[in-house]
2 protein chains.
Amino acid sequence: MLSVQVKPAIYPAPAASGQQARNPSAAFPHYRPGRIDHSPPAVPVAKGATLLDLTRLQSIICTTRKVKRGNALYRTHDPFDSIYTVRAGCFKTVITHRDGKEQVTGFQFMGEALGLDGLCTERHNCDAIALEDSEVSVIRFALLASLCHQVSSIQHHFYRVLSGEIVRESSHMMMLGTMSAEQRVAAFLLDLSVRMKARGYSPVDFYLRMTREEMGNYLGIKLETVSRMFSKLQKQGLVDAHGKQIRIVNPLGLSRV
Amino acid sequence: MLSVQVKPAIYPAPAASGQQARNPSAAFPHYRPGRIDHSPPAVPVAKGATLLDLTRLQSIICTTRKVKRGNALYRTHDPFDSIYTVRAGCFKTVITHRDGKEQVTGFQFMGEALGLDGLCTERHNCDAIALEDSEVSVIRFALLASLCHQVSSIQHHFYRVLSGEIVRESSHMMMLGTMSAEQRVAAFLLDLSVRMKARGYSPVDFYLRMTREEMGNYLGIKLETVSRMFSKLQKQGLVDAHGKQIRIVNPLGLSRV
DNA sequence: CGCCGTTTTGAGTCTAGTCAAAGGTGGTGG
DNA sequence: CCACCACCTTTGACTAGACTCAAAACGGCG
């Protein structure tokens, strides 16, 4: 399978300062089917894509956009015309209920897609906020669609990206619907671990980009509860947390919480 | 916009016996963008689709399949080769965690799509169980894909169906993450109300196809809690529930819970 | 008519939420 | 470089809402 290497498989110590190493070769949304997949640190571009396909692919993502920490890549009701992949930094997506309540629906790291929700109504359906100074590839949807039409392998890859989003959300619903607070935090850390590993970072030692409040909102619990659960997992010797710096001491134990 | 009428806009009393009136013209998954949409009782087939397109569309969904109550249309890990739309009856989709916990991720009524989760890994990712004797249109994915390739309006409609699924799941996550038990039940009834209306049934008077347990599982609460919330809403004069027969007395009040 | 699965209701328990206060951390400007 | 400020995090005490267990009532079906 043709694929683009995302990172060398060495583990740079996560820069506590906030700025991650960039990698200009993350060309297309990484296809990540739920939390089961332990994919290698490579981004499958499209099964059977030829070099020509790749050249075309590059041509439609020539633009990038920088988003400062706390700023929005797009907001709810913005007209939809592009999808994005994270090149550097990370984002959260938030939907807002009319009564003002907010729900964080996901966190997106390097190589992951943003904006797929907008396709449905031609307007974006959530806010995408940068959690640190970030950069995205901008993929104009009209161009992507025409490329999909020309190259069936890319078409199918795009279907999979969309479907993968559906599967990922199902798994999030499962968490919100059935797990205790402790299990949610444990599952969250393990999910991050898998994603860090897939990006060539250490799966046991990473720096959280989001606050306890954002985490809690994503997990459907309050920030104080998140904090208590971190303390609890720490007492059990499963993780070692100093603020946002996380070390997973016992992954197996964590998965059995 | 070319569209196919689903039902006459009269309200047949829901058959408490279990068998709904069938309608052979529900040809393609109904595109339902979240819970905001109060769409008319018509199924948009594809913006700008021509009559020729429709003929082609009919040709790929010639097969139907009947599923008896309690039986599965497909199960997790079944190989994916088709998507489905509900012609009659209704379904629930359930994902199962390795520890045996289950989460109902959705209920599907006439005109709604099933199986989109399978695209991602070529295997289905949940169980689809009939809640009553039901019938689906079987759409072989390979054929749909080739049709999408030939007819761009159908292609774009399919993108919207996929994206709509993502948006709907986001809204479900919001419910699971932020609402009280009472609000969940109220929101659930209002969602059903909108969907019933879109199908030409009464939006205030309908028969639930699922048990309290299935509802509770979907809503992330226990069956006893569902029952208590029904009693509470009834005391407030917002709904009138006799077992599975529901009458929404005060929709506005219900939306303000 | 009786059985089985479903629903309702009650009483007691426990998890997570709320409110409050103290302790950290990082970023900014002097 | 340090001090200050704003924001984030931790912890405690108390409360509220949902869960558990239990039993009775209901409803559909053979």
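Throughout, protein chains are lettered first and strands after them, A, B, ... in sequence-line order, and every chain is numbered starting at 1.
- In the interface, the side chain of E214(A) is not paired with the base of dC8(D) through any donor and acceptor atom under 3.5 Å apart.
- The distance between the ring centers of F206(B) and Y201(B) does not fall below 6.0 angstrom.
- Residue K222(A) has a polar side-chain atom (N or O) positioned under 4.0 Å from OP1 or OP2 of dT18(C).
- Between I246(A) atom CD1 and F230(A) atom CZ the span is 4.0 Å, to the nearest 0.5 Å.
- Considering only the side chain of E224(A), dT11(D) comes nearest among dC19(D), dT8(C), dT11(D).
- Between S180(A) and dT15(C) there is no side-chain N or O to OP1 or OP2 distance below 4.0 Å.
- In this structure, of dA20(C), dC8(D), dT7(C), it is dT7(C) that holds the atom nearest to the side chain of L223(B).
- Atom pair Q245(A):CD and dG26(C):C1' shows a separation of 15 Å (rounding to whole Å applied).
- The base of dG17(D) lies outside donor-acceptor range of the side chain of R228(B), with no N or O pair under 3.5 Å.
- Here T211(B) lies in heavy-atom contact (under 4.0 Å) with sugar-phosphate atoms only.
- For the OP1/OP2 pair of dG26(C) and a distance below 4.0 Å, the side-chain nitrogens and oxygens of K244(A) include no atom meeting the criterion.
- Under the salt bridge (charged side-chain N to carboxylate O under 4.0 Å, His left out) criterion, the residue pairs touching residues 232-257 of chain A are E182(A)-K232(A), D205(A)-R247(A), with sequence neighbours excluded.
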